[in-house]
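Contents: one structure, followed by commentary.
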Amino acid sequence: MTGAGLEFAALLRRLRLEASLTLEALAEASGVSVRGIGDLERGRVATPQRRTVAALADGLRLSTTERERLLAAARTGRVPRPQATGLRAFPRGIDDFVGREGELARLTTLAEHESPGIPVVVAVSGQPGTGKTTLALRAAHDLASRFPDGQLLFDLRGTDEEPPDSAELLLRVLKALGVADRDLAMAGSQGHPELCRRVLAERRCLLVLDNARDEAQVRPLLPGAGASMVVVTSRRMLTGLESVHRLALGELAPAEADTLLTTLVGRERAESDPRALAEVAGHCGNLPLALRVAGNWLATRTGWSVRRLADRLAMEEYRLDTLTAGDVHVSAAFHLSYRQLTPTAARMFRLLSLVEGPDAGAAGAAQLTGQSLFDAEDTLEELVETGLLNTDRDRYRFHDLLRLYARGRLSAEEPPDVARAARSALHRWMLENTVMAGRWYEPDHGAPPASWRGTIDLSTADDARHWLQTEGANWLAALRAAAAEGDHARVVEVAEALHWFSDQWIFWGHWPEVFATAARSADALGDHLLMATHLNYHAWALLVCEGRHQDSLDRAAQALVAARRAGDLPQQGWAHKYTAWAFRLLGDFAAAARHNGEAAAFFETAGDLHGALQCRVEHGQILVDGGLHEESIAEILATLSFLDQVGERVEPHIAEFTRTNLQVTIGGAHASLGNWSDAADHLRRAVELCRRSRNAAMESRALIHLGNCLLSAGHRDEAREAFSGCLALGNAADPTRLTEARDRLAELDG
């Protein structure tokens with residue numbers, strides 16, 4: 001293929017894009033076939049006929065100057081050397097640019113702080129539709145004055161089935177830089193890389209290498225010396241490129257997404273229903289391409305309200321079809337990357353859409369595909385490299401729209417029984433691991449048995465906690481599926497395994513659902529003991545997680561009836577224990593003491609040490625809340641001594657949780673008596689225990705008590721530190737404690 005053919009091809013494509021015409025639109029306007037125009041733009045026709053070029057010029061509505069330029073390029077292949085003419089040679093699409101301030105600032109900083117003689121190369125990567133090209137063009141526009149020898153854009157067509165190779169691209173770059181044909185011939189194709197490096201070293205140019213396929217295509221085009229800057233955009237991360245600055249693009253921030261939509265649809269329509277506008281942005285996943293399509297859809301359909309589009313996009317099964325404007329399809333952008341995957345990665349991509357939670361781990365992905373863990377990790381990394389999957393440490397996450405696209409490919413390419421089998425295998429694996437991990441915190445269990453052969457590390461309680469919390473959304477989905485399928489024995493087994501672990505992650509938000517589901521499954525099994533057990537667990541969740549004291553009392557009463565029918569003493573004890581707890585929080589201390597005494601008697605008769613211990617803790621708390629502070633201190637000290645005496649007979653995590661509770665309670669008692677120093681000492685011990693066990697819910701409670709104690713003692717700076725520490729715990733903390741921490745800090749600031 002000659003240089004002339006390549007230069008005519010590049011010029012024709014640029015002029016078409018400047019005119020905002022598709023191949024089909026130009027074909028209709030000029031009378032030249034779509035295939036003929038495509039061959040010309042790909043350089044497959046080296047010497048186009050004059051009448052064809054004239055027809056194209058008419059279709060493009062070129063000025064006299066541009067018309068002559070196109071005809072001259074067809075005759076000789078010569079395009080004048082780019083001058084310092086800003087971005088007039090660049091495509092449209094940056095006038096309504098929104099956001100990306102941080103990324104633009106970084107590109108500006110890199111351009112301004114170059115090292116002498118060392119060119120700046122920036123690799124901009126991101127999933128399809130994140131606006132990589134638009135960012136590069138905007139940066140080139142902003143930085144144009146710093147590169148007086150020209151700003152040039154080259155479309156590397158990395159998503160084409162047959163993208164140009166590096167030799168073809170080198171020739172295009174050299175011709176665009178004005179290198180004479182004689183010099184090109186003298187250097188020969190083997191000498192073109194060195195010639196390109198030498199020319200760029202002598203100039204100060206900005207090159208945008210857009211839509212790169214891989215490192216091999218780009219590497220020969222990168223200068224090794226000089227003051228030029230190269231911005232490479234690619235859906236791939238181009239991990240193999242060395243000595244480059246990297247810039248990864250994600251979705252826009254919600255405020256930026258709203259601004260872009262407002263720019264496209266007009267302020268009046270946007271402000272008429274801001275909630276609907278935000279919903280449109282949310283359904284687009286704040287992805288720039290999707291936002292632009294949605295905005296253009298509304299801009300060209302003035303009869304549509306923003307609410308109408310928001311409601312249509314809310315239907316997941318129609319969302320990708322709706323996100324189409326003219327010849328721009330969001331799903332088509334995804335398909336360009338999907339078709340480049342290896343068969344193994346494409347199958348992984350499809351099956352990952354079966355994961356109900358927001359992300360997945362490598363071990364879970366391996367279960368879906370039947371691969372070994374190491375092979376699954378390699379396949380996942382291919383998806384990450386191609387921009388079809390995001391990562392957060394060791395987790396893998398779809399963009400919402402890519403998940404919908406993957407589901408579509410799953411439906412189109414996988415038999416239904418294959419998808420069902422993969423989902424079932426994943427659910428079964430999830431619940432098996434949940435049971436093993438949860439039992440770390442259960443009495444008489446602990447570590448998995450030696451016979452267990454799992455694919456995840458559950459060798460310590462911390463490993464188990466990490467897995468349960470990281471995979472929470474996924475094993476919860478598996479539990480829901482088991483309940484829906486009538487696998488009631490599995491449901492109650494999972495809930496039972498998580499009973500004591502729930503104290504370690506109190507405000508996760510789903511314990512009421514977990515234990516209510518288990519109670520229904522126990523009822524379906526017709527087992528009174530199981531019913532009593534899981535009704536009691538549900539009573540705890542309603543009381544502690546949601547503060548529904550009366551509902552908890554009702555649930556505990558149901559548990560007591562079932563426990564009596566089963567003739568089970570410990571569950572009768574727990575029903576009374578949760579009843580006592582609810583009455584205490586309702587301020588009925590007499591009823592609380594009565595039920596707690598009954599619970600203690602049941603536990604003592606049954607020889608249930610863990611239940612008896614919790615009754616002692618409850619007794620101390622009843623005394624504190626009832627205003628009997630000195631008596632409570634004596635009772636709590638006695639319970640701490642008892643805990644030391646029984647030693648390893650109490651499950652370690654239960655013992656540590658109980659000690660923490662006791663330290664908080666005795667600290668509160670001392671604070672009520674004005675013993676600020678003693679109160680602070682106990683509360684600091686509680687905070688230390690919480691941090692050791694990583695129990696954020698309990699830590700938030702201890703920090704609030706500590707902060708209030710220090711504030712009352714006049715230690716404002718230390719109190720501020722405690723309240724700030726509570727806020728830093730985030731969503732894992734008790735929501736009521738977070739609110740109190742904010743209020744206290746506001747008071748201190750005031």
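Being a predicted model, the structure only gives us computed values, none of them experimental.
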Neighbour count above 12 (heavy atom, 6.0 Å) for [X] [atom1]:
{"X": "E648", "atom1": "CD", "value": "no"}
{"X": "E604", "atom1": "CD", "value": "no"}
{"X": "R694", "atom1": "CZ", "value": "no"}

Check: Checking side-chain contact (heavy atoms from CB on, under 4.5 Å) against L711, which of E718, R720, R716 comes through?
Finding: R716
Next item on the list: Just jot down the side-chain contact (heavy atoms from CB on, under 4.5 Å) partners of E721, sequence neighbours excluded, or say none.
Entry: none
Next item on the list: Mind checking side-chain hydrogen bond (donor to acceptor under 3.5 Å, both in side chains) for R420 and listing every partner two or more places apart, or none if nothing turns up?
Entry: none
Check: Listed by chain and number, what are the side-chain hydrogen bond (donor to acceptor under 3.5 Å, both in side chains) partners of T665, not counting sequence neighbours?
Finding: Q621
Checklist line | Flag, side chain of R319 to backbone of L313, donor-acceptor distance under 3.5 Å | finding: yes
Margin query: With a 3.5 Å distance limit and no angle check, can you tell me whether S700 reaches the backbone of D734 through a side-chain donor-acceptor pair?
Written below: yes
Indicate every side-chain donor-acceptor pair of residues 586-597 with a distance under 3.5 Å to a residue at least two apart or in another chain.
{"from": "D588", "atom 1": "OD1", "to": "A591", "atom 2": "N", "distance (Å)": "3.1"}
{"from": "H595", "atom 1": "ND1", "to": "H576", "atom 2": "ND1", "distance (Å)": "3.1"}
{"from": "N596", "atom 1": "ND2", "to": "C615", "atom 2": "O", "distance (Å)": "3.0"}

Over all atoms of both residues, closest heavy-atom pair of [X] and [Y]:
{"X": "A518", "Y": "V491", "answer": "CA-CG1, 3.8 Å"}
{"X": "S353", "Y": "R407", "answer": "CB-CG, 3.5 Å"}
{"X": "A437", "Y": "A464", "answer": "O-CB, 3.5 Å"}
{"X": "C726", "Y": "L738", "answer": "O-CD2, 3.4 Å"}
{"X": "L401", "Y": "C284", "answer": "CD1-O, 3.4 Å"}
{"X": "N474", "Y": "G357", "answer": "OD1-N, 2.8 Å"}

Next item on the list: Can you tell me which residue pairs pass the salt bridge (Lys or Arg N to Asp or Glu O under 4.0 Å) test with a partner in residues 576-587, sequence neighbours excluded?
Entry: K577-E618, R584-E618, R584-D625
Next item on the list: Sequence neighbours left out, what pairs pass salt bridge (Lys or Arg N to Asp or Glu O under 4.0 Å) with at least one residue falling in residues 546-562?
Entry: E546-R548, R548-D551
Is [X] salt-bridged to [Y], going by a charged N under 4.0 Å from an acidic O?
{"X": "R691", "Y": "E688", "result": "no"}
{"X": "R685", "Y": "D681", "result": "no"}
{"X": "R659", "Y": "E656", "result": "no"}
{"X": "E740", "Y": "R701", "result": "no"}

Next item on the list: Would you please indicate yes or no on a ring centroid separation below 6.0 angstrom for W500 and F657?
Entry: no
Please output the side-chain donor-acceptor pairs of residues 505-514 that fall under 3.5 Å, not counting sequence neighbours, one pair per line with the distance.
{"from": "W511", "atom 1": "NE1", "to": "W505", "atom 2": "O", "distance (Å)": "2.8"}
{"from": "E513", "atom 1": "OE1", "to": "R480", "atom 2": "NH2", "distance (Å)": "2.9"}
{"from": "E513", "atom 1": "OE2", "to": "R480", "atom 2": "NE", "distance (Å)": "2.6"}
{"from": "E513", "atom 1": "OE2", "to": "R480", "atom 2": "NH2", "distance (Å)": "3.3"}

What pairs of residues pass the ring-ring contact (aromatic ring centres under 6.0 Å, His included) test when at least one of them lies in [range], not counting sequence neighbours?
{"range": "residues 720-750", "answer": "none"}
{"range": "residues 609-656", "answer": "Y441-H653"}
{"range": "residues 678-713", "answer": "H670-H682"}

Next item on the list: Tell me yes or no: between the side chains of Q504 and S693, is some donor less than 3.5 Å from an acceptor?
Entry: no
Notebook entry, point to check: Judged by modelled atom types alone, do D463 and T460 share a side-chain donor-acceptor pair under 3.5 Å?
Noted result: yes
Next item on the list: Report the C-alpha distance between Y537 and H499 in whole Å, list the side-chain angles of each, state the deciding distance to 0.1 Å, and finish with yes or no for ring-ring contact (aromatic ring centres under 6.0 Å, His included).
Entry: CA-CA 7 Å; Y537 295 165; H499 166 219; 4.1 Å; yes
Notebook entry, point to check: Looking at residues at least two apart in the chain, or sitting in another chain, which of them share a salt bridge (charged side-chain N to carboxylate O under 4.0 Å, His left out) with R275?
Noted result: E279
Check: Hey, mind stepping through W574 and F603 against ring-ring contact (aromatic ring centres under 6.0 Å, His included) and telling me if it holds?
Finding: CA-CA 8 Å; W574 284 112; F603 289 136; 5.0 Å; yes
Margin query: Can you list everything that forms a ring pair (Phe, Tyr, Trp, His ring centres under 6.0 Å) with H528? Sequence neighbours excluded, please.
Written below: none
